[in-house]
Amino acid sequence: MGSTTRCDDLSVSSGTRKELLKFDTSYPLSLSKFGPDGIHGLTNYYLPLYNNCNAQNPSWILYFLDSGGGTYPELVYDDQIDWFKNVSSEIKHIYGSIPSLTFLHIPSTEYENLYQQSLCFGMDDDDVSPQINPNQLLTVLTAFGNTKAVFVGHDHGNDWCCPFAGGLMVCYGRHTGYGGYGDWARGSRIIELSTDTLSVKTYVRMEDGSIIDGN
């Protein structure tokens with residue numbers, strides 16, 4: 001999500017996180033948002049998805065949680081989890097049960113030891129470097145928000161997806177950019193959502209256009 005910066009704008013990378021987010025949201029096609037004040041993190045927010053411009057109720061909800069990193073502790077705090085619980089409960093009260101996806105950068109501790117070749121698909125070529133606190137985030141997402149899948153990044157050599165309790169699909173993205181560590185072939189995780197069956201289809205499209213590792 002968000003916008004693509006031009007080469008002549010790269011000097012913004014020296015700014016603070018708040019300055020970078022302000023820069024991102026200044027573009028008309030950016031969907032990034034500042035999250036609410038009073039809790040940890042800048043980018044705790046959600047986006048409703050509608051079937052068409054005339055739809056009254058959203059078909060899907062996308063949640064985004066700020067998991068820190070860089071000079072910030074790598075964790076999702078309890079007040080962020082409480083925010084998710086409150087918002088998802090409010091949405092359910094207004095619209096009924098709506099399927100959702102959750103996105104964050106750093107995997108929770110529950111990602112550790114989750115990969116099993118017989119149950120999962122995708123590349124497992126890197127260690128899991130989880131958040132520093134065992135907050136049982138995936139368990140919370142299973143219990144609240146009608147969450148169908150969770151997507152993280154951080155560990156560039158992983159792009160796997162695995163099943164979790166409660167029918168939750170737990171995934172990595174794919175190393176896409178030219179920065180960071182590693183020399184794995186670049187690609188991107190594509191997510192297709194069905195409004196008829198309320199199902200999630202996901203696969204990796206590589207930089208050369210080939211498609212690998214889908215459900």
**Item:** Residue pair Thr139, Thr142: steps toward the side-chain hydrogen bond (donor to acceptor under 3.5 Å, both in side chains) verdict
**Value:** CA-CA 5 Å; Thr139 302; Thr142 302; 5.9 Å; no
**Prompt:** Yes or no on side chain to side chain contact (heavy atoms under 4.5 Å, CB included) for Ile212 and Met123, after CA distance, side-chain angles and deciding distance?
**Reply:** CA-CA 10 Å; Ile212 60 173; Met123 182 173 67; over 6 Å; no
**Message:** Let's go through Arg17 and Thr71 carefully: what are the C-alpha distance in whole Å and the side-chain angles of both, what is the deciding distance for side chain to side chain contact (heavy atoms under 4.5 Å, CB included) to 0.1 Å, and is it a yes or a no?
**Reply:** CA-CA 10 Å; Arg17 297 184 79 200; Thr71 59; 5.7 Å; no
**Request:** Applying side chain to side chain contact (heavy atoms under 4.5 Å, CB included), run through Met169 and Val150 and close with a yes or a no.
**Result:** CA-CA 6 Å; Met169 182 164 61; Val150 180; over 6 Å; no
**Message:** Set out, in order, the CA-CA distance, both residues' side-chain angles and the distance that settles disulfide bond (SG atoms under 2.5 Å apart) for Cys120 and Cys161, then state yes or no.
**Reply:** CA-CA 6 Å; Cys120 308; Cys161 290; over 6 Å; no
**Request:** Carefully, step by step, assess Asp208 and Ser210 under the rule side-chain hydrogen bond (donor to acceptor under 3.5 Å, both in side chains).
**Result:** CA-CA 6 Å; Asp208 63 6; Ser210 61; 2.7 Å; yes
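Both Leu141 and Ile91 belong to a single network of hydrophobic side chains, linked directly or stepwise wherever heavy atoms of I, L, V, M, F, W or Y lie under 4.5 Å apart. The hydrophobic cluster containing Leu138 does not contain Leu62, counting ILVMFWY residues as joined when their side-chain heavy atoms lie under 4.5 angstrom apart, directly or transitively. At a threshold of 4.5 Å between side-chain heavy atoms, the hydrophobic network of Ile, Leu, Val, Met, Phe, Trp and Tyr places Tyr46 and Ile39 in one connected group. The cluster map of Ile, Leu, Val, Met, Phe, Trp and Tyr, joined by side-chain heavy atoms under 4.5 Å apart, puts Tyr45 and Tyr95 in different clusters. Phe64 and Tyr50 end up in different hydrophobic clusters when Ile, Leu, Val, Met, Phe, Trp and Tyr side chains are linked at under 4.5 Å.
Using a 4.5 Å heavy-atom cutoff, the side chains of Ser100 and Trp60 are not in contact. Using a 4.5 Å heavy-atom cutoff, the side chains of Leu119 and Pro163 are in contact. Side-chain contact between Val128 and Asn158 is present, with heavy atoms from C-beta onward closer than 4.5 Å. Residues Leu168 and Val170 are in side-chain contact: their nearest non-hydrogen atoms beyond the backbone lie under 4.5 Å apart. Residues Val140 and Lys85 form a side-chain contact, since some pair of their non-hydrogen atoms from C-beta on lies under 4.5 Å apart.
Sequence neighbours left out, the pairs with a member in residues 145-173 that pass salt bridge (charged side-chain N to carboxylate O under 4.0 Å, His left out) are Asp159-Arg174.
Looking at Arg186, its side chain does come within 3.5 Å of a backbone N or O of Gly177 through a donor-acceptor pair. A distance-only check finds a donor-acceptor pair linking the side chain of Thr202 to the backbone of Ile190 [under 3.5 Å]. With Thr25 contributing its side chain and Lys22 its backbone, the two residues share a donor-acceptor pair below 3.5 Å. Judged purely by atom type and a 3.5 angstrom limit, Glu90 has no side-chain atom pairing as donor or acceptor with the backbone of Val87. Put simply, the side chain of Ser30 never gets that close to the backbone of Tyr27: no donor and acceptor are under 3.5 Å apart. Between the Asp66 side chain and the Gly41 main chain, no donor and acceptor come within less than 3.5 Å of each other. In this structure a side-chain-to-backbone donor-acceptor pair under 3.5 Å is missing from Asp24 to Leu20. In this structure, Ser194 contributes its side chain and Asp196 its backbone to a donor-acceptor pair below 3.5 Å. Without hydrogens or angle criteria, Asn44 side chain to Pro36 main chain gives no donor-acceptor distance under 3.5 Å. The backbone N or O of Val76 lies less than 3.5 Å from a partner atom in the side chain of Asn135, making a donor-acceptor pair.
Here the shortest heavy-atom pairing between Thr176 and Gly187 reads OG1-O, 2.7 Å. Scanning all heavy atoms of the two residues, the minimum distance from Glu74 to Pro130 falls at OE1-O, 4.4 Å. Between His156 and Gly180, the shortest heavy-atom distance links the atoms CE1-CA, 3.8 Å. When every heavy atom of Ser97 is checked against every heavy atom of Asn146, the shortest pair comes out as OG-ND2, 3.2 Å. A pairwise comparison of heavy atoms in Gly157 and Tyr181 identifies N-OH, 4.4 Å as the closest pair. Closest non-hydrogen pair, Leu65 versus Gln80, comes out as CD2-O, 4.4 Å.
The other members of the hydrophobic cluster of Leu21, by chain and number, are Phe34, Leu42 (side-chain heavy atoms under 4.5 Å, ILVMFWY only). Side-chain contacts under 4.5 Å among hydrophobic residues (ILVMFWY), followed directly or transitively, place Tyr72 with no other residue at all.
A distance of 5.5 Å separates NE2 of His40 from CG of Asp79, quoted to the nearest 0.5 Å. Rounded to the nearest 0.5 Å, atoms OG (Ser67) and CD (Gln131) are 5.5 Å apart. Asn86 CG to Ile81 CD1: the interatomic distance, rounded to the nearest 0.5 Å, is 12.0 Å. Here the CG atom belonging to Asp124 is positioned 5.0 Å from the OH atom belonging to Tyr115, to the nearest 0.5 angstrom.
Environment of CG in Asp78: sparse, with no more than 12 heavy atoms of neighbouring residues, nucleotides or ligands closer than 6.0 Å. Asp183 CG: 12 or fewer foreign heavy atoms inside a 6.0 Å radius.
Between Tyr63 and Trp83, the ring planes lie perpendicular to each other; the angle is over 60°, past the 30° to 60° tilted range. Ring-plane geometry between His175 and Trp184 is classed as perpendicular, the angle between the planes exceeding 60 degrees on a 0 to 90 degree scale with a lower cut at 30.
Residues passing the ring-ring contact (aromatic ring centres under 6.0 Å, His included) test with Tyr172, sequence neighbours excluded: Tyr111, Trp160. Residues passing the ring-ring contact (aromatic ring centres under 6.0 Å, His included) test with Phe121: none are found, sequence neighbours excluded.
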Donor-acceptor list for residues 101-109 side chains, cut-off 3.5 Å, not counting sequence neighbours:
from: His105; atom 1: NE2; to: His154; atom 2: ND1; distance (Å): 3.4
from: Ser108; atom 1: OG; to: Glu110; atom 2: N; distance (Å): 3.4
from: Ser108; atom 1: OG; to: Glu110; atom 2: OE1; distance (Å): 3.1

